[in-house]
Amino acid sequence: MKVMRLLSSLKHDESERGIFHLGRALVKNGHSSIIISSADEDNDLVRRLKRDGNEYHQLHINKKSWLSLLQVNALRHLIEKYDPDVIHVHSRTPAWILHLAMRRARVKRVPKLVSTMYGFYPINKYSQALLNVDTIITVSDSVTNYLKKGLRLEDADPKTIKRIYRGVDTRRYPYRHNPSVYWLRHTFAEYPELEHKKWLVFPTVIGNEYGQEWLIDILGNLQEQFPNIHAIIMDDDYRDNDVAHQDFRQRTNALGLADRITYVGSKRNDMREWLSAANIVMALANEPESIGINALQAIHLGTPVIGWDQAAFSEILQPLYPQGLVKKYNAKALCKAVRNQLESVTRPEMTNKFTMREMIEETLAVYQGLHDMALVE
């Protein structure tokens, strides 16, 4: 079986899409894996793909770029060259390029098409190319329900829409992993204010949809009871012309909470260490989350997560760590959950759910099912 995958980039795909693990599994099982992306040939991630036995081709199919339309002929030639059995497209712009390329492609057999919906994309013309496929993979039940409702397909054939949760590489995120002494010393040298503190890690950048304003309620209400409580935000301490960032900084300064917050930057390669060293990882997005990968990684590391009872956070925490769910969407309920956790630490138990292995097996089964269907046809 030949599987071709189209991705706008590689970096964004690494943790959420299992691109390397999936390619390795295809090759290991005797299949051909062809990957097309915008990344340069000398990119470290590309070299890693090639080392695992994947074929790689660079095409500039960047998200929301009309220049990507110039790649239609180049993609058509690659499809004719490899004659893939299955083509898996991971975002909307590459999906449009694919449909245009397929119109006049000379192939022995029309390949089966798979797409993945990673979020609550608007059900509009731009998303249509992602939906005109043989199977749509969704990343959570929340996305499935949203899609069915938007398409009015509540009774859709389960073969048409398949939910496959994003998985965590348990070798990279082993249960009860501890940061090294070297990492801790280096961190305390860079951020001395973090030593002897209770860490509330906010594992995302600041933005209107991410819910950083709830940290103000937590710090303001609990600082007397827990004088060593401290928030760590995975964002830079300053961003030009960012209204949400400026508003948050102004409010924390006005309330005298700025000393209880440390910004450690967004471009880090040690997220695992921060998640494992945290006392609590906060999942406070105001908008429904479709994946919640950081919360999932924290759970696998054995770190408590506190988050709203909605969308992906509900689907992750309900089976794995229900005491971390905050059912009422207000500051009082949130502060109570944080207080309970700081007073009486309860860690998530080790789990074999939401793993990369499970995700790869289910994705390979989708490919195989479509390939078998094509042979029957």
Minimal non-hydrogen separation, [X] against [Y], with atom names:
| X | Y | answer |
| --- | --- | --- |
| Ile164 | Arg166 | O-NH2, 3.2 Å |
| Ala298 | Leu275 | N-CD1, 4.2 Å |
| Leu325 | Phe313 | CD2-O, 3.9 Å |

Does [X] [atom1] have over 12 foreign heavy atoms under 6.0 Å away?
| X | atom1 | value |
| --- | --- | --- |
| Glu343 | CD | yes |
| Glu349 | CD | no |
| Tyr210 | OH | no |
| Lys336 | NZ | no |

_Run the side-chain contact (heavy atoms from CB on, under 4.5 Å) test on Glu55 and Ser32 for me, step by step, so that the C-alpha distance in whole Å, both residues' side-chain angles and the decisive distance to 0.1 Å come before the verdict._
CA-CA 8 Å; Glu55 295 273 348; Ser32 297; over 6 Å; no

_Under the side chain to side chain contact (heavy atoms under 4.5 Å, CB included) test, residues paired with Tyr329 that sit two or more places apart_ = Trp214, Asn286, Trp308

_Residue list, side chain to side chain contact (heavy atoms under 4.5 Å, CB included) with Gln128, at least two apart or on another chain_ =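 Testing Gln128 for side chain to side chain contact (heavy atoms under 4.5 Å, CB included), a comparison that skips the adjacent residues, returns Trp96, Leu131, Asn132.
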
*Kindly determine whether Glu358 and Glu362 satisfy side-chain contact (heavy atoms from CB on, under 4.5 Å), including the steps that lead there.*
CA-CA 6 Å; Glu358 192 176 42; Glu362 291 181 20; 3.6 Å; yes

*Check Leu215, Asp217, Ile218 against Leu334 for a side chain to side chain contact (heavy atoms under 4.5 Å, CB included) and give me the one that passes.*
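When Leu215, Asp217, Ile218 are each tested with Leu334, the side chain to side chain contact (heavy atoms under 4.5 Å, CB included) holds only for Ile218.
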
_Filter on side chain to side chain donor-acceptor pair (under 3.5 Å), then keep only pairs touching residues 229-245, sequence neighbours left out; what's left?_
His230-Thr262, Asp235-Arg239, Tyr238-Asp240, Arg239-Asp242

*Do the rings of Tyr118 and His90 sit parallel, tilted or perpendicular, given the 30° and 60° boundaries?*
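Ring orientation of Tyr118 relative to His90: parallel.
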
*Looking at the rings of Tyr367 and His88, which for Trp means the six-membered one, are their centres under 6.0 Å apart?*
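For Tyr367 and His88, the ring centres are under 6.0 Å apart.
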
*What's the verdict on side-chain contact (heavy atoms from CB on, under 4.5 Å) for Val107 and Ile79, showing C-alpha distance, side-chain angles and the deciding distance?*
CA-CA 8 Å; Val107 289; Ile79 291 170; 3.8 Å; yes

